[in-house]
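Presented below is the structure to which this report refers.
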Amino acid sequence: ICASETRNVVEPAFETGAEALAEWLRSRHCALRALDVSWNMIRGESAVKLGASLAEKSSLQRLSLSANGFGNDGGASLGRALFANATLRRLELAHNAVKARAGYVIAISLLAGAKALEYLDLSNNPLGKAGTQPLLRLPLEGAAAHGAQTVVDVRVDGCDVNAQDPSCCLSAEREKY
C-alpha cells in the first residue's frame, strides 16, 4: 500500500492501495475480520475513503491504522463511519496526526450510536483539550446514557492536550470568549 500512497501525491488521479482496500471492504464478498495496515502512509483522500468504507458494510472486528497520516479529515471520516458501524470492536489509530476536530467527531459518534466498539487507541495524537475531554467521557457517559453492554477502553496517552486546532470550533482559543 505504501508505494502507491507516495505516487498519489504527484498523480492525484492514481488509485491508491488504501482506496482499493476501501472499495473491497464495501464489497459483499469481503468477510475480513481483522486488518492491520499500520505504517503505510495512508493519508489525505485515501484516509477519508478508507474511513468512510466502514459505515457502509464491514465485517471487520479489529482494525489497526496506527502510524499513518489520517489527520483531521481522515479521522473525522472514520468517526462518522463509527456511528453506523455495528461490528468493529477494536480500533487502533495511534500516531496519526488526529487533531481536536476529528477527536470530537469520533467521541460524539461513539456517544450517539456506536454499538460494538470496546477499545479505541488514539494515543500520541495532537488532540488538544477539545479533542481529549470528550474522549475521556466515553467510558462513563457512553455506558450510562445509552445502556451500552460494554465500556469503551480509550487510550489517549502521549496526546498533546495543549495543541491548538484552528479548524475545531471547540478550541481553547474560543473558550476565552
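The shortest non-hydrogen separation linking P134 to Y104 is CG-CD1, 3.6 Å. Counting all heavy atoms, side chain and backbone alike, G51 lies closest to A81 at O-CB, 3.1 Å. The two residues L65 and F70 come nearest to each other via the heavy atoms CD1-CZ, 3.7 Å. Heavy-atom minimum distance, R26 versus K49: NH2-O, 3.5 Å. Minimum heavy-atom separation, E15 to E19: CA-OE1, 3.3 Å. Nearest heavy atom pair, residue A116 against residue A86, reads CB-O, 3.5 Å.
D121 places no side-chain N or O within donor-acceptor distance of the main-chain N or O of L93, the cut-off being under 3.5 Å. For the pair N125 (side chain) and C159 (backbone), a donor-acceptor distance under 3.5 Å is absent. Between the S59 side chain and the L32 main chain, a donor and an acceptor come within less than 3.5 Å of each other. S123 places no side-chain N or O within donor-acceptor distance of the main-chain N or O of A94, the cut-off being under 3.5 Å. The main-chain N or O of Q61 is never found under 3.5 Å from a side-chain atom of T87 such that the two would form a donor-acceptor pair. Judged by distance alone, with hydrogens and angles left aside, the side-chain atoms of S64 form no donor-acceptor pair with the main-chain N or O of S38 at under 3.5 Å. Counting only distance, with no hydrogens or angles, the side chain of N85 and the backbone of A55 share no donor-acceptor pair below 3.5 Å.
Considering V37, N40, T16 as possible partners of L21, the one that fulfils the side chain to side chain contact (heavy atoms under 4.5 Å, CB included) test is V37.
L63 and V152 fall within the same hydrophobic cluster, defined by Ile, Leu, Val, Met, Phe, Trp and Tyr side-chain heavy atoms under 4.5 Å apart, directly or through other members. Hydrophobic clustering of Ile, Leu, Val, Met, Phe, Trp and Tyr side chains at less than 4.5 Å, counting indirect connections, unites V154 with L110. By the rule that hydrophobic residues join a cluster once side-chain heavy atoms approach within less than 4.5 Å of another member, L120 and V156 end up as members of one cluster. Residues L117 and L35 are members of one and the same hydrophobic cluster, defined by side-chain heavy-atom contacts under 4.5 angstrom among Ile, Leu, Val, Met, Phe, Trp and Tyr. Residues I42 and V105 do not share a hydrophobic cluster, clusters being chains of Ile/Leu/Val/Met/Phe/Trp/Tyr side chains in contact below 4.5 Å.
Considering SG of C30 and CD of E23, their distance stands at 11.5 Å, rounded to 0.5 Å. In this structure, CG on D36 lies 7.5 Å from OG on S66, to the nearest 0.5 angstrom. Interatomic distance, R80 CZ to I108 CD1, rounded to the nearest 0.5 Å: 13.5 Å. The distance from the CG atom of L136 to the NZ atom of K129 is 12.0 Å, given to the nearest 0.5 Å.
A salt bridge between E92 and R62 is present, with a side-chain N of the basic residue lying under 4.0 Å from a carboxylate O of the acidic one. Comment: R101 engages D73 in a salt bridge, judged by a side-chain N to carboxylate O separation of less than 4.0 angstrom.
The closest side-chain heavy-atom distance from L91 to I106 is not below 4.5 Å.
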